Amino acid sequence: MAMTAGGANEPSGTRRRRRRKAAPMADINMTPFIDVMLVLLIIFMVTAPLMTAGVPLDLPKTSAGQLNVDQKPITVSINEKGQIFLGETQIAMAEIAARIQPLAKQGFDERIYVRGAKQVDYGTVAQVMTAITAAGYKRVALLTEQDKK
């Protein structure tokens with residue numbers, strides 16, 4: 001009878017094989033990268049609408065639909081205290097025309113939005129709109145919040 005030189009746990013007639021070390025993996029695992037990118041996409045989708053309003057106002061509500069605007073509009077805001085803002089910068093009534101002119105890329109055909117809080121005197125809103133139209137801008141519009149009925 002022949003005996004093999006195998007160990008106690010090995011069946012007879014087999015040889016002990018050396019295990020090869022695993023070769024390094026040359027592929028990049030894309031799953032964590034894709035997960036991070038999807039999380040960032042969701043974060044940007046949620047926060048982007050929150051960054052559009054400059055001055056926080058309580059706008060009146062109407063049943064008008066939303067505007068489709070491709071570029072960032074020129075916005076003049078009037079808060080509850082009657083202070084006037086161009087974007088997020090406070091300006092005086094006399095400065096409106098001079099401060100809008102460098103921002104108007106389409107000249108006098110540029111659309112200018114006026115936002116006024118509910119509590120603002122109608123006369124103040126009318127004065128701001130008059131100052132804008134007197135400067136030569138023809139496309140002046142009032143912004144409101146959409147009524148959720």
Side-chain angles (χ1 to χ4, degrees), residues 7 9-11 14-149:
N9 294 335
E10 292 183 8
T14 61
R15 287 187 169 178
R16 177 179 269 175
R17 294 184 182 173
R18 289 186 182 172
R19 290 190 178 186
R20 293 182 183 170
K21 290 185 180 179
M25 198 168 87
D27 296 338
I28 297 173
N29 189 0
M30 294 297 289
T31 305
F33 176 72
I34 292 170
D35 290 344
V36 169
M37 295 309 290
L38 287 175
V39 168
L40 288 174
L41 177 68
I42 291 169
I43 289 171
F44 287 130
M45 286 173 56
V46 169
T47 58
L50 301 175
M51 298 171 61
T52 57
V55 179
L57 297 176
D58 186 21
L59 295 173
K61 295 181 180 7
T62 61
S63 60
Q66 291 184 344
L67 297 173
N68 293 330
V69 178
D70 293 336
Q71 63 185 18
K72 186 175 179 182
I74 297 174
T75 306
V76 178
S77 305
I78 309 164
N79 68 5
E80 295 84 9
K81 299 174 185 173
Q83 297 170 323
I84 303 167
F85 294 86
L86 179 60
E88 296 179 4
T89 308
Q90 185 174 355
I91 60 172
M93 180 77 74
E95 298 177 339
I96 292 176
R99 298 290 289 274
I100 289 177
Q101 187 176 9
L103 299 175
K105 295 179 176 108
Q106 298 176 358
F108 292 118
D109 289 331
E110 184 80 28
R111 181 169 295 276
I112 300 170
Y113 297 110
V114 178
R115 302 170 61 224
K118 284 183 193 178
Q119 299 82 5
V120 173
D121 182 34
Y122 182 71
T124 306
V125 176
Q127 287 176 351
V128 169
M129 290 184 72
T130 302
I132 294 170
T133 55
Y137 299 98
K138 301 172 186 96
R139 302 179 72 190
V140 181
L142 289 172
L143 288 182
T144 60
E145 282 186 4
Q146 195 170 12
D147 195 11
K148 297 174 184 166
K149 286 187 179 180

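Everything numeric here is computed off the predicted structure, so don't read it as measured data.
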When rounded to the nearest 0.5 Å, the distance separating OG of Ser77 from CD of Glu88 is 9.0 Å
Nearest 0.5 Å please: distance from the OH atom of Tyr137 over to the CE atom of Met129. 15.0 Å
Write down the atom of Arg111, the atom of Tyr113, and the distance for their closest heavy-atom approach. CD-OH, 2.8 Å
Has Leu40 got more than 12 heavy atoms of other residues, nucleotides or ligands less than 6.0 Å from its CG? yes
Are any of the side-chain heavy atoms of Ile100 and Leu86 separated by less than 4.5 Å? yes
Rounded distance (nearest 0.5 Å) linking atom OG1 of Thr130 with atom CE of Met93: 8.5 Å
Rounded distance [0.5 Å steps], CD1 in Ile112 versus OG1 in Thr133: 9.5 Å
Spacing of Met30 atom CE and Met37 atom CE [to the nearest 0.5 Å]: 9.5 Å
From Val76, Thr89, Ile74, residue fulfilling side chain to side chain contact (heavy atoms under 4.5 Å, CB included) relative to Arg99: Thr89
If you take all heavy atoms of Val125 and Leu142, which pair is closest and at what distance? CG1-CD2, 3.9 Å
Write down the atom of Ile78, the atom of Thr124, and the distance for their closest heavy-atom approach. CG2-CG2, 4.0 Å
How many angstroms lie between atom CG of Asn79 and atom CD1 of Ile84, to the nearest 0.5 angstrom? 9.5 Å
With a cut-off of 6.0 Å (strictly less than), are more than 12 heavy atoms of other residues, nucleotides or ligands near CD of Glu95? yes
Stepwise, does the side chain to side chain contact (heavy atoms under 4.5 Å, CB included) test hold for Ile132 with Ile96? CA-CA 7 Å; Ile132 294 170; Ile96 292 176; 3.6 Å; yes
